[in-house]
Peer 1: 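Submitted below is the structure of interest, expressed as C-alpha cells.
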2 protein chains.
Amino acid sequence: MRDDASDCCEYKPHHMERFLEVCLLLLLYDEVGYGYGLIEQLSSFGFSEPDLNVSTLYRTLRKMEKEGLVTSLWESGGQGPRRRVYEITTSGRQNLDAWVKILKMRRTRIETLVGAYDKKVSSKNVEQ
Amino acid sequence: MRDDASDCCEYKPHHMERFLEVCLLLLLYDEVGYGYGLIEQLSSFGFSEPDLNVSTLYRTLRKMEKEGLVTSLWESGGQGPRRRVYEITTSGRQNLDAWVKILKMRRTRIETLVGAYDKKVSSKNVEQ
DNA sequence: CTAACTATATTCATAGTGAATATAGTCTAT
DNA sequence: ATAGACTATATTCACTATGAATATAGTTAG
C-alpha cells in the first residue's frame, strides 16, 4: 500500500503546475522558437531529458496559441521536416510578467513552509 | 494600473500541487488535529479564507489516511459535533521529509526562472 | 421548536499531466 | 529506389488534483 517515502518520491519534483508554460514564454520572450528546438533550451530550466514530456510540450504550445499568448506559422524553407514556429505576443509578455509575480508568491510560501519545518524539526532534535 | 494580467491572475497563486498536503503533515507533526480546526492553522501558511477549499481539505486528509501517512479516530467526549482527529504516523513524518526536499527543488527552479526573467527583461529595458 | 453553527463527506465538472501511439516528411547508406 | 534512422508535430487514454456546490447530521442558542 505505502512504501514510506518512495510513494512520495515517485512524485516528480519538476512537476509544477504551469511551470512549463512560464518557461516557454520566457524562452520565446525575445526570439522565435519551435517545439522540438525548445526542448534543448528547456534544459536550462532544469528539465532533464526524461523529465520533459514531449506531448505535454506540444499540447502546451497549442493551448498558448489558442489563448493568444503566442502565434505560429509553418516555417517556409529549411532543411528537415517543416516546423511550426512560435512567436510571443504582447499579451504573452504581459502574461509572463503576471506569472513571474505568481511564481514569486509561490517561492515565498515554500520558504515559509520550509522555515517552519526546519524550526519544528530542529527543536524536535534538541528535545531529548 | 494594469489589471495584473487579468487572464492569468484568475489562476490562483495558492494553487500549488500537493502543497496543502505538506502543510497538513507539518501541522500534524507534533500535535493531533482535526479538519475544521486545521483550517485556522493553515492561515499561517498563506491560506486565506476564500483560498482554502473545505472539500479539498477533507478529501486530502482522508487520502492521507488511506496512504498511511496519518491515522484518525473519532473524538470521544467533547462539546459540539464529534470530530475526526488525525495523528501523524512515522511514515507520515518520513513523507514530510521527502516532500520538503522536493519543495526545496521547486524553490530552486523558481529562483532560476525568476533570475533569468529579471536578466532578460532588464537587458531589454536597457536596449534602446 | 427552529435557526444558526460546527463538522465531515460526497458528487460533478474541469485542468494538467505522462505514457503511449499516430502521422508524416527528410536524410543517409546501400 | 528503398529501407531505416531521424526530425517534428499531434492525438488518445488514463489518472491525479482541484473547486464549487451540495449533502448529512449533530449541537447550541433564542
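The chains referred to below are lettered A, B, ... by the order of the sequence lines, with proteins before strands, and numbering in each begins at 1.
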Peer 1: What is the distance, rounded to the nearest whole Å, between atom CG of Leu61(B) and atom C1' of dA17(D)?
Peer 2: 15 Å
Peer 1: Does Tyr58(B) make a side-chain N or O approach to OP1 or OP2 of dT8(C) shorter than 4.0 Å?
Peer 2: yes
Peer 1: Rounded to whole Å, how long is the line connecting atom OH of Tyr36(B) with atom C1' of dT6(C)?
Peer 2: 6 Å
Peer 1: Judged by atom type as modelled, is there a donor-acceptor pair below 3.5 Å linking the side chain of Tyr58(A) to the main-chain atoms of Tyr36(A)?
Peer 2: yes
Peer 1: Are Trp99(A) and Arg18(A) side-chain neighbours, meaning at least one heavy-atom pair lies under 4.5 Å?
Peer 2: yes
Peer 1: Please confirm whether the backbone N or O of Tyr29(B) pairs with a side-chain atom of Arg93(B), one donor and one acceptor, at under 3.5 Å?
Peer 2: yes
Peer 1: My understanding is that only residues two or more places apart in sequence, or in another chain, count here; which of them pass salt bridge (charged side-chain N to carboxylate O under 4.0 Å, His left out) with Lys63(A)?
Peer 2: Glu21(A)
Peer 1: Is any side-chain heavy atom of Lys101(A) closer than 4.5 Å to one of Lys104(A)?
Peer 2: no
Peer 1: Report yes if at least one side-chain N or O of Thr56(B) is closer than 4.0 Å to OP1 or OP2 of dG19(D); otherwise report no.
Peer 2: yes
Peer 1: When you compare the protein's N or O atoms with those of nucleotides 2-4 of chain D, which come within less than 3.5 Å of each other, and at what distance?
Peer 2:
none

Peer 1: Whole-Å distance between dG16(C) P and Glu21(A) CD?
Peer 2: 7 Å
Peer 1: Among dT6(C), dT7(D), dT9(D), which is the nearest nucleotide to the side chain of Pro81(A)?
Peer 2: dT7(D)
Peer 1: Is there a side-chain polar atom (N or O) of Lys63(B) under 4.0 Å from OP1 or OP2 of dT16(D)?
Peer 2: no
Peer 1: DNA chain D: Thr60(B) or Val54(B), which has the more 5' nearest nucleotide?
Peer 2: Thr60(B)
Peer 1: Please determine whether side-chain contact (heavy atoms from CB on, under 4.5 Å) holds for the pair Leu57(A) and Leu24(A), giving the CA-CA distance in whole Å, both sets of side-chain angles, and the decisive distance to 0.1 Å.
Peer 2: CA-CA 9 Å; Leu57(A) 176 76; Leu24(A) 289 172; 3.8 Å; yes
Peer 1: Can you check side-chain contact (heavy atoms from CB on, under 4.5 Å) on Leu20(A) and Leu52(A), steps first, answer last?
Peer 2: CA-CA 9 Å; Leu20(A) 175 62; Leu52(A) 182 61; 4.1 Å; yes
Peer 1: Nearest whole angstrom, please: distance from the P of dT16(D) to the CZ of Arg62(B).
Peer 2: 18 Å
Peer 1: Could you state the CG-C1' distance from Leu52(B) to dT8(C), rounded to the nearest angstrom?
Peer 2: 14 Å
Peer 1: Check the distance between dT27(D)'s P and Glu75(B)'s CD and give it to me in whole angstrom.
Peer 2: 12 Å
Peer 1: Please state whether the phosphate of dA8(D), meaning OP1 or OP2, lies under 4.0 angstrom from any side-chain nitrogen or oxygen of Arg82(A).
Peer 2: no
Peer 1: Send over the distance from Asn53(B) CG to dT14(C) P, rounded to a whole Å.
Peer 2: 16 Å
Peer 1: Nearest whole Å is fine: how far is dG16(C) P from Arg18(A) CZ?
Peer 2: 4 Å
Peer 1: Please check the phosphate of dT18(D) (OP1 and OP2 only) for any side-chain N or O of Arg59(B) closer than 4.0 Å.
Peer 2: no
Peer 1: Please tabulate the protein-to-nucleotide N/O contacts below 3.5 Å involving nucleotides 28-30 of chain D, giving atom names and distances.
Peer 2:
unit_1: dT28(D); atom_1: OP1; unit_2: Gly80(B); atom_2: N; d: 3.2

Peer 1: Output yes when a side-chain donor or acceptor of Ser72(B) lies under 3.5 Å from a complementary backbone atom of Arg84(B), and no otherwise.
Peer 2: no
Peer 1: Kindly confirm or rule out a cation-pi arrangement of Arg109(A) over Phe47(B), judged by NZ or CZ under 6.0 Å from the six-membered ring centre and within 45° of its axis?
Peer 2: yes
Peer 1: Does a side-chain N or O of Arg83(B) approach OP1 or OP2 of dA7(C) to a distance below 4.0 Å, or not?
Peer 2: yes
Peer 1: Reading DNA chain C from 5' onward, which residue's closest nucleotide shows up sooner: Ser55(A) or Gly37(B)?
Peer 2: Gly37(B)
Peer 1: Starting from the C-alpha separation in whole Å, work towards a yes-or-no answer on side-chain contact (heavy atoms from CB on, under 4.5 Å) for Leu103(A) and Tyr117(B).
Peer 2: CA-CA 11 Å; Leu103(A) 287 180; Tyr117(B) 169 84; over 6 Å; no
